[in-house]
Amino acid sequence: MEPRQAPLKELWSHLREAPRRFKESAFRSGPPVTDRARSEFVFNNLFLHIHPVRVHRWSLRWRTTWGLGVAVTAAFLLTLITGVLLMLYYKPYPDVAYQSIKDIHYVVPTGRFIRNIHRWAANLMVVTVFLHMARVFYTGAYRYPREFNWLVGLGLLVLTLGLSFTGYLLPWDQLAYWAITIGANIAQSPRELTDALGITPYFDPGGWMKTLLLGGPEVGDESLIRFYVLHVAVLPLALVILMGVHFWRIRKDGGLARPEDADALLGPPRDLYPVFTDVPTKTYHLAAIVRGRSPAVNRGPENTIPSMPHLFYAECAVFMLTVFLTVLAAIFWNAPLKEIANPAVPENPAKAPWYFLGVQELVSHSAFMGGAGIPLIVIIGLGLIPFLDRETEGTGRWFGGPGGQRLVLVSAVFGLLSVIAIEAFAIQFGWLRQWFPDIPQLIITFVNPGTLLVVVYAIFSLGIVHRYRSARAGAVALFTCFLCGFVVLTIIGVHFRGPNWGFYWSPADWPKH
Amino acid sequence: METKNKHLLLWSSLGVVVVLLAAALEENVLRQWRRLQAEVAASDGPFSTGIRQIVGTTTATIDRCTTCHVGMDPAERLTGLHRLARPHPPVPHDLGEFGCTVCHGGQGRATESADAHGDVPFWSEPMIPLRFVEAGCGTCHTQVGVPTLERLAQGQAVLERSDCLSCHRLDGRGGTIRPAGVGGMEGPDLSVIGRRGFAPEWYEVHRQRARENKDPVWRDCIPDLSPDERQLLEEYLQTSVGTPSVVAGQALFHSLGCRGCHKVSGVGGTEGPDLTSIGLRDPARLDFTNVPGPHTLASWLSAHTRDPARIVPGSKMPKFFLSDEQVESLTYYLLSLRRDPSNKRAEPIDRTLVERMQRREFATDGETLFAAFCSSCHGPQGEGRRFPGQPPAPAVGNPDFLAVADNAFLLATIRDGRPGRRMPSFSDAEVGLHPEEINSVVEYLRRRSGVAPPQPLHSERRWVLADPTRGQALFERWCAGCHGKDGSGPEAPALNHPNLLKTASDDFLVETIRRGRRGTNMEGFALPSLNHPVLPDQEIEAIVAYIRTWETAK
Amino acid sequence: MKDDHTTVLARLAPEPVPRRDFLGLSALGAFVGALFLAFLGIIRLPRVVVSASPSRKFRVKLPESLQPGEPFVPPGRNVVLFRDSEGVYAISLVCTHLGCIVKPSPNGFECPCHGSRFAPDGHVIGGPAPKPLPWLAVSLEGNEVWVDGNVTVQPGTKARG
């Protein structure tokens, strides 16, 4: 028992120690220079502890993931921060919205730069989301036990497109107004089928969806405020929640997918020392060790390295690369802004946002199949992949599984040729209604270039399934075809379609007036 | 691999730092308006730097033009050495309430000069070129009761002859003598007297002052004016609203008969497009293939006015072979037609009078109406006109025509027009003239030609009884060459038109054929000629009987 | 057993990373620097550069019949103007307590919010207002009266034509 100091003196010395004690109360583990401290750095931190304390070396290879998941998150964070900043000045009412964007561009400090960052980060997010999905697919990382995470990812894809679409209307310029008019009409496309069946007065999901989206029969005040609420509150919240599930699931699924022989492929670690060499079955959680089965199995701790700093270097590097590309684009290229929205003067051609132009191209052949049928088939198809492909060969490796790289190449060529051939035919010769003017709409709905393409791809993929005796091979073929088709249709929609959706080799050929 | 990540982090972050610094530099140092404000401050003295804007209370606009055009800020008093430090010339409107773009066009919210002047894509209302600056008044205003250019000039001549400008200012001229003595009162400025209005008894008041006032200046101030001269002068003063160039262009517009094919503010023909908002056309949507000069609305309108078919292939508008001054004057007026109907700006009284109270933008005397609506097709003297590739317009001022056409026929023809042909219906159905205005035109035609309406030669309007078969043979021999085998022209007026047949009496038809119309291709078939024998009356009546068969046919 | 335990413990906390990591540190430094610069840019955005309200320096047309001591409030402005034999002067109508708009009354001005009362020359005669109503700069240019709401002057300053 040491003698206590006089009470006032004690009080004074406590006050003097307060800053240091404050720091220690906030940062309870020491500097992350020992393995234990590094583990605590991650594990004890609310924001960081969704990361594993140790991460497998295979997961950190560039060629495993190309950092695409982090890039998507980085792009999202950029849009989130710049979006909140823009909300200080943006006013979601027709005409005033346009003027507020002009003010942001011309007058608000750093306004032009921040708006540009927002636009380019949003575009980058859509691109990287597709690339990320392709990576996960081609490395077979959707397989057991990761099926549900694949579905969550699909949900994130839809939400990302939804965020981009709702944001597209907000500037209220000619581009925005007519793009959303097109988009809402695409949402109404089930009407083509219900009209052909004559049931629209009783069952009109198309009209219902369009009215719900627009708050009225056409784009107007109500639409703008709905899109605004969706864009700044509802969809971001949903996205963040699903992102949370997505990241949580990565942990519970045992980290990123890797091949069974990953350890052998990696070889011995060069400059890192192994941990727990004498207790290889020991996991590295700093929690109590209990006997039993957890979702994280089949992992030895050998080829793992501390997340702090190695994983964080990788994540920060990808993050800053994304930021760099975005700000570079933002300082040179302005986000587009055309004339103020004028309901009396349609844009011709009126084009949906670029990621929907493939859909718009299909819609130009059949509203229902292009707008509802095929997207639904694609989403359901993508969702079924983990349940149809229950093989295990090649998980974690690029183009793993029967067929390998060669199958991908062959499928790509087939996919490209089919879509180009079918589109070229339709562009050059027209379609059924040109030769049979009285043909019922229902036939066109089911026999059009879009459905033809889907059928061709499906037959090809089933053929591959048969030839390689593997569902995975078929999935690879179908996915590759789908990617090629999507890219080509989008390119056609972006570059080769002009006024009245006519085909032109270049925008210079468009007729004036 | 770890090193790779560190390098990537390092260089990406440095890249981001560089870009952020560049952005900061661009915004805080390199902005165009900062440079320009520094220049102005260097020569004209200090003022608070920063973005300036005028919040137009009347116009609900925000204009940032004063960021660079510092001198024009109503709250600044700069010396005016630098070109951007010069103040705004005096205008009737308060800059603080109106802003800049309502009169000048352009993009008020921009802070870069090219953007602000509107010379960028996706801005549909670039600035009006300064030489057409008065056209900006047309954003809200219109001019009421503008006569033809000739009458306007006559009114102006009365003003000059009467030496009004010795006491009154008008558009920057005149106004030096002070009748009450040195430093005393000058007469009111007449530049906007049309807007402010003047007492109807102004002339009597001036004469009374002249009688009562011993001052020689007052005594001789105003000469005797005949009623006509007074009317011309008052007509001229009523158009004095501060936009003399627009009024001159409008008067020219009313002299060339443009409203016969084009509507402005709801009155006019429908052969050509409505010109009410032509000054708001987006230059980006125009075809400049054959238009010389910069791609502006002004150059397009000038080129089109000069030679329409060259600029708009397939245009029905004929080429009028106007002089350069006339083209410039018309362009000025057309640029002033820039009222946006959906705009909820405050409405000046002239606009209310025209749009809601049936006042006319043109003077409603017969001479002006004829010039404004008819002269483009029928010629300034009603002598008829023929444009290449189009059927001729009849010589309605021709004395031989007026000698056989009665007023009922003239009124009905103007009122109902010739549907299916180029003569529109001038009543409310199409062009929008009132019955009394159509009356004025007919009276003008009578007055000008001096030809009184004909006395009917027969008691009935339809008295011809003859053999149409014989008439058909005669028609095809002597008439069909110009009037067409079925009477539909197109080399000559359509005789088979139901409106013609309904309103024309047999007297009209017979006498026209008998006497012809001097100066036109219509010969008098009862008169000797080298081209045809003299047709006896029975044969002429037979022709008329044949013509009448078209009335019931089909 | 004890030996195993200490060995395990020793394994858990071995010596820290040996060499100085220049590359890593500079990368981290650049990273933090970039984020800091971004933060500086972000906090600049909410700063108001121009405000969408009419200018506080404005022109007034006084009615010809304005009597000395009769208040004239230009429409839409929180300023009162007076004209007497000494000139034209303007007093702000914004109560110095908490910003409500005072009303001219026979004895000066009264504030409806908390009952502050001011004399005709603006000084406080009652209520919680801490300071008198400020007098604003008035200038006469030709026959135009200009009021500058940004500049306060000594009470008693009147602009003479």
Side-chain angles (χ1 to χ4, degrees), chain B residues 1-28 31 33-34 47-67 73-77 87 90 93-99 108-111, chain C residues 17-62 74-79 90 136-151 159:
Chain B
M1 190 244 299
E2 164 82 349
T3 322
K4 217 163 56 168
N5 285 337
K6 287 178 184 169
H7 272 291
L8 183 61
L9 179 61
L10 172 65
W11 298 112
S12 302
S13 303
L14 287 179
V16 170
V17 166
V18 166
V19 172
L20 290 181
L21 289 175
L25 191 72
E26 189 230 3
E27 167 140 343
N28 294 304
R31 278 280 153 89
W33 63 264
R34 290 186 193 274
F47 48 83
S48 54
T49 53
I51 294 182
R52 292 156 173 255
Q53 61 186 25
I54 297 180
V55 179
T57 43
T58 316
T59 52
T61 49
I62 291 189
D63 291 330
R64 302 189 172 118
C65 319
T66 46
T67 304
D73 192 330
E76 286 294 339
R77 293 280 180 277
H93 290 306
D94 184 351
L95 284 178
E97 288 169 31
F98 279 71
R109 287 190 188 242
T111 51
Chain C
V17 174
R19 358 175 257 297
R20 216 170 346 183
D21 182 11
F22 180 68
L23 181 61
L25 282 175
S26 51
L28 280 177
F31 178 57
V32 169
L35 288 183
F36 180 66
L37 264 186
F39 176 71
L40 290 181
I42 285 171
I43 57 175
R44 267 184 61 95
L45 180 129
R47 202 163 62 91
V48 174
V49 167
V50 278
S51 80
S53 42
S55 167
R56 296 191 51 181
K57 187 168 172 182
F58 55 93
R59 190 166 52 175
V60 175
K61 191 164 176 345
L62 288 178
R77 302 277 184 187
N78 296 327
V79 171
L136 302 175
V138 176
S139 58
L140 299 175
E141 307 190 13
N143 50 0
E144 294 180 343
V145 178
W146 279 87
V147 177
D148 191 345
N150 299 313
V151 179

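Heavy-atom basis, side chains included; hydrogens, waters and symmetry copies ignored. Every chain is numbered from 1 and lettered A, B, ... according to where its sequence line falls, protein lines coming before strand lines.
Residues passing the side chain to side chain donor-acceptor pair (under 3.5 Å) test with C:R44 are B:N28, sequence neighbours excluded. Under the salt bridge (Lys or Arg N to Asp or Glu O under 4.0 Å) criterion, B:R64 pairs with A:D103, not counting sequence neighbours. Legend: residues meeting side-chain contact (heavy atoms from CB on, under 4.5 Å) with B:V17, ordered by chain and number and at least two apart, are B:L21, C:A34, C:L37.
Of the two parts of B:D73, neither the backbone nor the side chain holds a non-hydrogen atom closer than 4.5 Å to a non-hydrogen atom of chain C. With a 4.5 Å cut-off on non-hydrogen atoms, B:L20 touches chain C through its side chain but not through its backbone. For B:E97, no part sits under 4.5 Å from any heavy atom of chain C, backbone or side chain. Of the two parts of B:A24, neither the backbone nor the side chain holds a non-hydrogen atom closer than 4.5 Å to a non-hydrogen atom of chain C.
Here the side chain of B:K6 pairs no donor or acceptor atom with the backbone of C:L23 at under 3.5 angstrom.
Inspection of non-hydrogen atoms places B:L9, B:L10, B:S13, B:L14, B:V16 of residues 9-16 of chain B under 4.5 Å from chain C.
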